[in-house]
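Report on the following structure.
Residue numbers count from 1 along this sequence. From a predicted model like this one, the values you see are computed outputs, not experimental measurements.
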Amino acid sequence: MNFFEKRENELIYRENGETVIVSPWGENSLRIRSAILSEPVKDNTGALLPVPELSGEIHIEDMCAAITNGNITVRLAVQPWGNNLQISFFNGRGELLLSEITNGNALAKKARHFTPLAGDSFKLKASFISNPDEKIYGMGQYQQEIFNLKGCNLELAHRNSQASIPFYMSSLGYGFLWNNAAIGEVHFGLNTTEWVANATTQLDYWITAGDTPADIERAYSDVTGRAPMMPEYGLGFWQCKLRYYNQEQVLKVAREYKRRGIPIDVIVIDYYHWKRCGDWRFDEEYFPDPKAMIDELKAMGIETMVSVWPQVDYRSENYNEMRQQGLLVKINSGIDVQMLFHGNNVFMDATNPRTREYVWEKCRKNYAELGINTFWLDEAEPEFTEYAFDNYRYHAGAVSAIGNIYPREYARLFYEGQKNNGQKDIVNLIRCAWAGSQRYGALVWSGDIMSTYEDFRKQICAGIHMGISGIPWWTTDIGGFHGGDTRSEDFKELLIRWFQFGTFCPVMRIHGCRLPGTDIYNKEGEKREWTGADNEVWSYGEEACEIMVKFINVREAMRDYTRELMRQAHETGAPVMRALFYEFPDDENCYDIADSYMYGGDILVAPVCHEHKTSRRVYLPKGASWICAIDGKKYDGGQSYEISAPLNTLPVFLRDGRQEYLVGKI
């Protein structure tokens, strides 16, 4: 029997209706696809971009075959019991990186297990042997304080504050992308790693080998895309709150920043500046002359960002046309209400090219033509009132089969519209992402999190994981979103500590639903979305204001440095916010540190993230010397130190004396 064949640059295995295709896909990387009673396709809803074809070195024998591409080799072995195939991957030194499970002899297990569903779909489980000493990082944004994901069970689905990006980096020296947008789950167990797609037509994953984390990240971004260059206004401070509800309020805040001489790059106008979801324009009652407002802000050197929601209210001026044209997400059964919020709402279908054209045309006319260059793409999961994924259908297919692409296509809608409109260096804030979102100018923020120290710590971990997952542009609501009471001294302390952390995030943006709030009623007597308490830096007293302005000025002092980090992200895929092991892969201690990170290659940041603490323990990686930015004191690497950090500062260390201009400014 001939189990294997070579077709151009690909290695193919066939047995009992299954076809497996192994293809070189980028340098030092391979793509594996499998299908039942059909040929696996190259073009699907996955994250991989077309790449130049490479000629791997292929060897075929009766019961085994291999293909080598650069420093990665895959070996395919047919097992005697049932002719099942086991696939194993090795680096250039011949060291095992990852292997599928065996058939277990009499157990007759399958590494690629397809369970038929109705139609042509299958439930798929792919199983790999687990190395218990392996450490795993990435996978997007999950709200947990877990750094090494080994042992974790993760849902492959998006929710408000959860972004599932199925790429991980292993401490063994490889990166793995589950190139499947189906709703599912992954289990990083001690005995096996199991990937599950609830509904799919084929198996599809990609793997790369690299000597350093930077090598792996570069290869991953080669095949999924890189962020554009960050615009200049992305380098400074962004002011936001829930919510500036009228034109006068927006201008009053901007003028006060200018009067005080506090640097500000962007002011954000949050949701319900419209009358109904799906109108995609300003409500004239509250914003009677938005162009004049935007022009005045531009004259002050401030960009205007506006919130956009994908919901369409039944009462929206665009609902009937969009429904008739088939531009909306469909529910499979029941009453078609997908979110209850200020009315009955359904979602626009971002996976439909015609929807993307329609919605961009509304936003071009009602926002871009007024001078707005940057958008806040909220509700991007999308946030179904019930996350009953099996009950929804997109133009691209059933949500159970392709649902995770929605935030990427939402970002694509605006990116392609802005690009066709002549705009360059595009950045849009968005609440979720999938693999490849970065190529559409997606700046992801971590969603509607709580104003607690626990949530604060979770964001540090999330930001590091997101950078590994290929999303270099990431931020968070400084101070948290829910529960921040401006009358509370404890909250003010939390806000300051979070503000310090935000200074060393890829984008620095304050936001939140601050208490106490004020109800808003329009001229017709209808209750509108409320507005929270003041959230500007001077809103929390002189001491807090002085500290926050100090850190805005630190951010300004780092503008050239941050611009260089953005250039690196654009050209190489390097995260802006980096795990310590990314820069120090030979220091084993760095693989377990979740509450410190590198802001680029030169600056180590150790946020104070526990209540009422005025010092913290900081580990400084070996292989470098370190200068404390607080006082200029020198420290040796490879050791931990207790560092004093009163409320007006935080531990920041400069690698080998670089960026010394920060000494005394922190």
Side-chain angles (χ1 to χ4, degrees), residues 45 47 139-144 154-166 180-186 197-198 270-271 277-278 307-312 328-332 336-341 345-352 355-356 359 375-415 428-438 440 442-450 455 458-459 462 465-466 469 471 473-477 481-482 511:
T45 55
M139 291 301 299
Q141 174 182 278
Y142 292 87
Q143 294 299 326
Q144 54 187 23
L154 302 177
E155 179 187 43
L156 301 178
H158 305 310
R159 297 173 184 262
N160 184 342
S161 78
Q162 175 176 297
S164 175
I165 301 174
N180 191 314
I183 305 300
E185 55 199 41
V186 61
N198 289 352
D270 202 348
Y271 66 170
C277 277
S307 171
V308 172
W309 276 25
Q311 287 90 327
V312 183
L328 304 171
V329 173
K330 290 296 294 179
I331 197 167
N332 290 329
D336 201 359
V337 177
Q338 298 161 16
M339 186 180 190
L340 287 168
F341 193 75
N345 294 271
V346 293
F347 286 89
M348 63 91 175
D349 186 353
T351 75
N352 186 338
T355 304
R356 295 197 294 269
V359 173
F375 294 88
W376 179 0
L377 311 181
D378 208 340
E379 297 288 317
E381 300 78 26
E383 190 181 9
F384 297 116
T385 293
E386 296 291 336
Y387 289 112
F389 302 110
D390 290 346
N391 202 28
Y392 303 101
R393 179 170 295 276
Y394 300 154
H395 171 81
V399 169
S400 58
I402 53 84
N404 287 328
I405 67 169
Y406 190 97
R408 187 188 70 192
E409 300 304 283
Y410 188 11
R412 178 183 181 183
L413 185 166
F414 281 81
Y415 178 83
N428 293 312
L429 187 66
I430 190 167
R431 201 174 71 183
C432 196
W434 197 64
S437 287
Q438 67 276 3
Y440 297 122
L443 162 63
V444 183
W445 101 95
S446 58
D448 295 347
I449 53 176
M450 303 302 293
D455 276 56
K458 289 177 180 177
Q459 306 325 300
H465 281 304
M466 284 291 275
S469 303
I471 308 293
W473 296 354
W474 179 89
T475 188
T476 183
D477 292 348
F481 182 72
H482 284 298
H511 182 52

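- Here the straight-line distance linking atom NE2 of His158 with atom OH of Tyr406 works out to 11.5 Å at 0.5 Å rounding.
- Side chains of Asp349 and Leu328 form no contact here, defined as non-hydrogen atoms less than 4.5 Å apart.
- Contacts of Tyr142 classified as side chain to side chain donor-acceptor pair (under 3.5 Å), with partners at least two apart in sequence or in another chain: Ser164.
- Without hydrogens or angle criteria, Thr351 side chain to Ala396 main chain gives a donor-acceptor distance under 3.5 Å.
- Residues passing the salt bridge (charged side-chain N to carboxylate O under 4.0 Å, His left out) test with Glu185, sequence neighbours excluded: none.
- With Asn332 contributing its side chain and Asp390 its backbone, the two residues share a donor-acceptor pair below 3.5 Å.
- Looking only at distances, a side-chain donor or acceptor of Asn404 sits under 3.5 Å from a matching main-chain atom of Leu156.
- Here Ala182 pairs with Asn180, Ala197 under the side chain to side chain contact (heavy atoms under 4.5 Å, CB included) rule; sequence neighbours left out.
- For Trp445 and Phe481, the distance between ring centers is not under 6.0 angstrom.
- A heavy-atom distance below 4.5 Å is found between the side chains of Gln144 and Leu154.
- With hydrogens and angles disregarded, a donor-acceptor distance shorter than 3.5 Å links the side chain of Ser469 to the backbone of Gly140.
- Between Phe414 and Val308, some side-chain heavy-atom pair lies under the 4.5 Å cut-off.
- For Tyr415, the side chain to side chain donor-acceptor pair (under 3.5 Å) criterion is met by no residue, not counting sequence neighbours.
- At distances below 3.5 Å, not a single donor-acceptor pair connects side-chain atoms of Glu381 with backbone N or O atoms of Pro407.
- Considering only residues two or more places apart in sequence or on other chains, Arg412 meets the salt bridge (charged side-chain N to carboxylate O under 4.0 Å, His left out) condition with Glu409, Glu416.
- In summary, the side chains of Trp376 and Asp270 do not present any donor paired with an acceptor at a separation below 3.5 Å, with no hydrogens or angles considered.
- Looking at every heavy atom in both residues, Arg393 comes nearest to Val399 through N-CG2, 3.9 Å.
- A search for side chain to side chain contact (heavy atoms under 4.5 Å, CB included) contacts involving Ala433 returns Ile165, Ser437, Val444, Ile471, not counting sequence neighbours.
- For the atom pair CG of Leu429 and CG of Asp378, the computed distance is 8.0 Å after rounding to the nearest 0.5 Å.
- The aromatic rings of Tyr392 and Phe384 lie parallel to each other, with less than 30° between the two planes, well short of the 60° mark.
- Atom CD of Glu155 is surrounded by more than 12 heavy atoms from other residues, nucleotides or ligands within 6.0 Å.
- With hydrogens and angles disregarded, no donor-acceptor distance shorter than 3.5 Å links the side chain of Ser400 to the backbone of Phe389.
- When atom types are taken as modelled, the side chain of Thr385 and the backbone of Leu340 share a donor-acceptor pair closer than 3.5 angstrom.
- Within the 3.5 Å criterion, the main-chain N or O of Asp448 finds a donor-acceptor partner in the side chain of Asn160.
- A donor-acceptor pair under 3.5 Å is absent between the side-chain atoms of Asn352 and the main chain of His395, judged by distance alone.
- Side chains of Gln143 and Gln459: a donor on one and an acceptor on the other come within 3.5 Å.
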